[in-house]
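What follows is a set of notes on a single structure, which appears directly below.
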2 protein chains.
Amino acid sequence: MFSKACEYGIKATIYIAVKSMRQERVSLKEIAEEVDSPVAFTAKILQSLAKSGIIDSHKGPTGGFQIEETKIDTIKLHDIVHAIDGDKIFVGCGLGLEQCDASQPCPVHDKFVGIRDNLKIMLKNTSLYELATGLEIGLTHLKR
Amino acid sequence: MFSKACEYGIKATIYIAVKSMRQERVSLKEIAEEVDSPVAFTAKILQSLAKSGIIDSHKGPTGGFQIEETKIDTIKLHDIVHAIDGDKIFVGCGLGLEQCDASQPCPVHDKFVGIRDNLKIMLKNTSLYELATGLEIGLTHLKR
DNA sequence: TTTATTTAGGATAAATTTGTCCGAAATAAG
DNA sequence: CTTATTTCGGACAAATTTATCCTAAATAAA
């Protein structure tokens, strides 16, 4: 469903959000440990999330990653997925046809669009805040 | 969403079904042309569909692929996807966690399971017959 | 200013998916 | 039986995704 990059990116962002809600900055090393992802690959993903403006990064000792607290409930899962995987999971024909729309559909067009719309709606409605809160209160987990 | 192999496999199977409803057998070459897929790669996919018992293959002149007519409406999209991609799109955590279920969920567990259940239901309810009929009557297309 | 620490970013490698090539096996027809 | 045609299946190649390594740049603190 999601790429590995996206999985790691989502987990990392949620973890950073939890810490940011406590005004704490976290290092790449800590993130990778806590979300059980490869350090160097995670670094690349965090880089692109920083470039997209979803997270902030700071170099040097006491450096690390954080998220502006006011942003935490405006950031949606959709934003994270889009920043990492682009729009490839949101657009295009389910069977890979170049020309496929309601007027000239592929055989699975309607059904596929239905499922994908559900996915889009879910991603647009799910805030980083609720994901971080669920983790914070121990309702959910990110390791293993 | 689906792998390329799956996209080609679905398109090929629908095309074979349409021909089989007219008691015609089709060659790999014709299939690849008509569904706009790479010939040699399509051959591999058809091989695995044949091994799974979804399609029948015959060697030699007048050989080719076909589907038992009685099977066409019992075969579901789910069967095709499962034969090619296995169960990887049906099982496993949305964030790649090893341990993730209702009692110890990842942050997106419930929402993810919801979407995936929709997908499963759609795939299990969609028959090859309806896909082939849509193509046959010109309602849908497979090329470009 | 020097040093230690942390992210940035480029080069490279491994793994997986996608795709090609070609000889072998089967088989229909002359 | 021979030949032409078609799928089978193994080896190989290209492209993409996943992952690592290392140096540079920034920066906090001694």
Side-chain angles (χ1 to χ4, degrees), chain A residues 1-13 15-16 19-20 24-67 81 83-86 88-89 92 95-96, chain B residues 1-13 15-16 19 24-67 81 84-86 88-89 92 95-96:
Chain A
M1 191 81 164
F2 299 125
S3 64
K4 279 290 166 192
C6 219
E7 289 179 6
Y8 300 149
I10 293 169
K11 290 195 290 182
T13 305
Y15 184 74
I16 298 168
K19 292 292 189 170
S20 293
E24 287 175 35
R25 204 178 261 175
V26 280
S27 71
L28 166 64
K29 195 181 156 221
E30 178 181 337
I31 295 167
E33 274 165 11
E34 293 302 318
V35 310
D36 195 34
S37 64
V39 184
F41 191 37
T42 304
K44 300 294 186 192
I45 298 158
L46 292 178
Q47 246 178 79
S48 78
L49 285 170
K51 277 191 183 166
S52 307
I54 297 186
I55 65 178
D56 297 323
S57 68
H58 295 273
K59 293 180 182 175
T62 80
F65 300 90
Q66 73 195 77
I67 302 175
V81 173
I84 298 170
D85 279 354
K88 69 184 172 191
I89 90 165
L95 297 183
Chain B
M1 193 80 165
F2 298 125
S3 65
K4 280 288 165 193
C6 220
E7 289 179 7
Y8 300 149
I10 293 169
K11 291 196 289 181
T13 305
Y15 184 75
I16 298 168
K19 292 292 188 166
E24 286 175 34
R25 202 179 264 175
V26 280
S27 70
L28 166 65
K29 195 179 155 223
E30 178 181 339
I31 294 166
E33 277 166 8
E34 293 301 320
V35 309
D36 194 35
S37 63
V39 185
F41 191 38
T42 304
K44 300 292 188 196
I45 298 158
L46 292 177
Q47 247 178 76
S48 79
L49 286 170
K51 277 190 182 167
S52 307
I54 296 187
I55 65 178
D56 297 324
S57 67
H58 295 272
K59 293 179 182 177
T62 80
F65 299 89
Q66 73 196 74
I67 302 175
V81 173
I84 298 170
D85 279 354
K88 68 184 174 191
I89 89 165
L95 298 183

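Computed from a prediction, not measured in an experiment: that's the story for all the values here. A, B, ... follow the sequence lines: proteins, then strands. Residue 1 opens every chain.
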*asked:* Give me each pair satisfying salt bridge (Lys or Arg N to Asp or Glu O under 4.0 Å) with a member in residues 34-44 of chain A, each pair once, sequence neighbours excluded.
replied: A/Asp36-A/Arg144
_Residues which pass side chain to side chain donor-acceptor pair (under 3.5 Å) with A/Lys4, listed by chain and number, not counting sequence neighbours_ = A/Glu7
_Set of ring pair (Phe, Tyr, Trp, His ring centres under 6.0 Å) partners for B/Phe65, sequence neighbours left out_ = none
Check: residues 51-58 of chain A side-chain donor-acceptor pairs under 3.5 Å, at least two apart:
{"unit_1": "A/Ser52", "atom_1": "OG", "unit_2": "A/Ser48", "atom_2": "O", "d": "2.8"}

*asked:* I'd like to check the salt bridge (charged side-chain N to carboxylate O under 4.0 Å, His left out) partners of A/Lys29; sequence neighbours left out, ordered by chain and number.
replied: none
*Rounded to 10°, tell me the angle between the two end axes of the helix from C/dT1-D/dA30 to C/dG30-D/dC1, each built from five pairs.*
0°
*If you walk 5' to 3' along DNA chain D, what is the first nucleotide with an atom under 4.0 Å of a heavy atom in chain A, and what is the last?*
D/dT17 to D/dA28
*Out of curiosity, A/Met1 CE to A/Ile89 CD1, how far, rounded to the nearest 0.5 Å?*
6.0 Å
*Can you list the residues that meet the ring pair (Phe, Tyr, Trp, His ring centres under 6.0 Å) rule with A/Tyr15, with sequence neighbours excluded?*
none
*Quick one: side chain to side chain donor-acceptor pair (under 3.5 Å) partners of A/Ser20, sequence neighbours excluded?*
none
*Mind checking what makes side chain to side chain donor-acceptor pair (under 3.5 Å) contact with A/Thr62, not counting sequence neighbours?*
none
*For every nucleotide of nucleotides 7-18 of chain C, 5' to 3': is a protein heavy atom under 4.0 Å from its base (B), only from its sugar-phosphate (S), or from neither (-)?*
BSBBB-----SS
*On DNA chain D, nearest-nucleotide positions of A/Pro61 versus A/Thr42: which is more 5'?*
A/Thr42
*In chain order, what residues pass the salt bridge (charged side-chain N to carboxylate O under 4.0 Å, His left out) check against B/Glu24, with sequence neighbours excluded?*
B/Lys19
